[in-house]
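All values derive from a computational prediction rather than experimental measurement. Proteins come first, then strands; the chains are lettered A, B, ... in the order of their sequence lines, and each starts at number 1.
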Protein chains: 2
Amino acid sequence: MDVVRDQLRSAILAGDLAPGSRLSVPELARQLGVSRSPVREAVLLLVGEGLAVEQSRRGVEVARLELADVLELYELRISLEGLAARHAAERMTNTDLVALRGVLDAQGAAAVGDARSFRELDHRFHEIVSQTCGNTRLARHAALLAREMRLAGPLMVNGPWHLRQSHEEHRTIERALRQRDGPAAENAMRDHLTRVCQSVRHHHSPNHHSSAP
Amino acid sequence: MDVVRDQLRSAILAGDLAPGSRLSVPELARQLGVSRSPVREAVLLLVGEGLAVEQSRRGVEVARLELADVLELYELRISLEGLAARHAAERMTNTDLVALRGVLDAQGAAAVGDARSFRELDHRFHEIVSQTCGNTRLARHAALLAREMRLAGPLMVNGPWHLRQSHEEHRTIERALRQRDGPAAENAMRDHLTRVCQSVRHHHSPNHHSSAP
DNA sequence: TTTCAGATTTCTACATGTAACACTCTCCAT
DNA sequence: ATGGAGAGTGTTACATGTAGAAATCTGAAA
């Protein structure tokens with residue numbers, strides 16, 4: 001069942017199962033070539049993770065995020081990932097720092113034009129920081145929120161200026177982590193997520209619809 | 001299945017299924033008088049909620065919390081419930097405030113001696129604040145963390161002085177909420193949870209084992 | 001008494017059966 | 001043409017079947 005759940009989760013996060021798609025247990029079981037039991041269990045767990053929602057009387061469908069949902073998620077991520085960054089600064093091993101640097105270098109290259117890769121690497125960056133914080137529950141909840149946010153695809157701001165700006169902020173965070181400066185890492189992470197949140201908000205405000213700043 | 005899950009959750013939180021108890025699907029199905037399917041699904045969801053854990057090769061058992069787990073949980077609650085309190089201050093209806101006051105009055109009475117009722121009312125207090133914050137995901141995650149913490153039973157500090165102290169701090173939080181002072185509510189909530197966390201930590205430190213301050 | 005091999009029981013994980021229910025489509029009456 | 005009854009389809013939720021693995025128990029030999 002773990003396998004089925006991972007497959008479904010990947011399909012959702014990759015967009016193969018778009019937000020709003022109905023998750024019919026018999027249908028998915030046929031497509032995946034397994035029985036309905038593991039599929040049903042996997043779907044229930046995905047609901048628990050927030051990636052799918054039970055429509056009353058209509059079965060389960062992939063979660064559809066409104067702007068308000070994205071703002072909710074950012075507010076939580078600011079809090080949790082800020083905390084995680086502070087602790088990560090004191091606990092990161094050299095291996096972690098090397099991995100982080102690798103992700104950032106790849107992201108620097110992707111920042112020009114390849115928004116898809118950029119988002120993937122962005123996710124990896126935040127994941128490394130959260131998973132290194134030493135608080136297993138913090139890591140778990142931060143991962144849930146970050147994953148849920150990946151359903152927001154079309155609401156995100158993908159303009160080249162925004163990508164480069166995010167990348168610079170990631171560098172700032174990485175610098176604080178490398179210097180083992182917890183408070184600086186926390187502030188940098190909070191500032192980063194706050195600014196991105198503002199970008200999303202303004203990008204979807206009634207009177208501002210270009211993707212440049 | 002929702003029914004079965006709620007029954008199991010209640011049984012766990014009430015201590016009828018003590019931490020470490022094995023959750024055998026066939027056994028529980030027999031006891032609850034239903035088939036194995038809904039029980040299996042409920043158990044999987046409880047694992048997702050953190051109330052149970054999958055032991056590799058040994059099935060599922062009710063989660064067992066160490067001191068370190070409780071400290072992790074407090075750190076997260078400080079962050080999330082602080083945030084929730086700030087928003088709750090700006091969104092609480094009069095009805096909510098009346099309910100909160102009611103809980104505190106009952107708690108004031110229970111603070112002398114009845115640790116069990118006190119904990120129950122403590123949980124209700126924090127629940128009201130979290131559920132009123134206006135951020136559905138914040139409410140959901142705060143509820144998960146608060147529930148998980150209820151598994152810590154024997155680790156908690158139940159001395160009368162601590163109960164009264166907690167109650168006073170709840171009053172301070174309620175005052176800030178009533179005055180719609182967001183920052184004050186956040187600070188009061190953070191201070192409260194921070195102090196309780198310190199109490200737990202010191203109560204279990206190697207050289208301090210009395211329950212008085 | 002201790003130890004180890006085999007038998008027995010129990011569990012998990014997946015597959016499949018089925019009743020009740022909600023949707024949709026068709027076709028007839030107005 | 002339109003509205004509504006009713007068949008047909010698909011789904012959910014629960015029940016049950018079963019293979020394979022793990023734990024435990026049993027009993028005989030050292």
field: Heavy-atom closest pair, residues Leu155(B) and Val200(B)
entry: O-CG1, 3.9 Å
Donor-acceptor pair between Asp191(A) and Thr194(A) side chains, under 3.5 angstrom: no
- line: Letter by letter from the 5' end, nucleotides 7-12 of chain D scores (B base, S sugar-phosphate only, - none; protein heavy atoms under 4.0 Å) ----SB
- request: Looking only at non-hydrogen atoms, find the nearest pair between Leu8(A) and Leu32(A) and report the distance.
  value: CD2-CD1, 4.2 Å
field: His192(A) and His126(A) aromatic ring geometry - parallel, tilted or perpendicular at 30°/60° bounds
entry: parallel
field: side-chain contact (heavy atoms from CB on, under 4.5 Å) involving Arg171(A) - partner list, sequence neighbours excluded
entry: Arg101(A), Leu104(A), Asp105(A), His167(A), Arg175(A)
So which protein N/O to nucleotides 20-22 of chain D N/O distances come out below 3.5 Å?
residue: dA22(D); atom: OP1; partner: Arg57(B); partner atom: NH1; Å: 3.2

query: side-chain hydrogen bond (donor to acceptor under 3.5 Å, both in side chains) with Arg86(B): which residues, sequence neighbours excluded?
result: Glu186(B)
statement: note: Gln55(B), atom CD; dT12(C), atom C1'; distance rounded to Å ~ 15 Å
task: Take the protein atom CE of Met1(B) and the nucleotide atom C1' of dC14(D), then report the distance between them rounded to whole Å.
output: 11 Å
- request: Return the set of residues passing side-chain hydrogen bond (donor to acceptor under 3.5 Å, both in side chains) with Arg195(A) (not counting sequence neighbours), or none when no residue passes.
  value: Ser166(A), Glu169(A), Ser199(A)
message: List the residues meeting side-chain hydrogen bond (donor to acceptor under 3.5 Å, both in side chains) with Arg137(B), not counting sequence neighbours, and say none if there are none.
response: Asp69(A), Glu72(A), Glu148(A)
task: Rounded off to whole Å, could you give me the CG-to-P distance for the Asp2(A) and dA13(C) pair?
output: 8 Å
message: If you compare every side-chain N and O of Ser35(B) against the phosphate oxygens of dC14(D) (OP1, OP2), does one of them come in below 4.0 Å?
response: no
field: Spacing of Leu45(A) atom CG relative to dA13(C) atom P, expressed in whole Å
entry: 12 Å
task: Report yes if a donor N or O on one partner sits less than 3.5 Å from an acceptor N or O on the other, where the partners are the side chain of Ser37(A) and the base of dA13(C); otherwise report no.
output: no
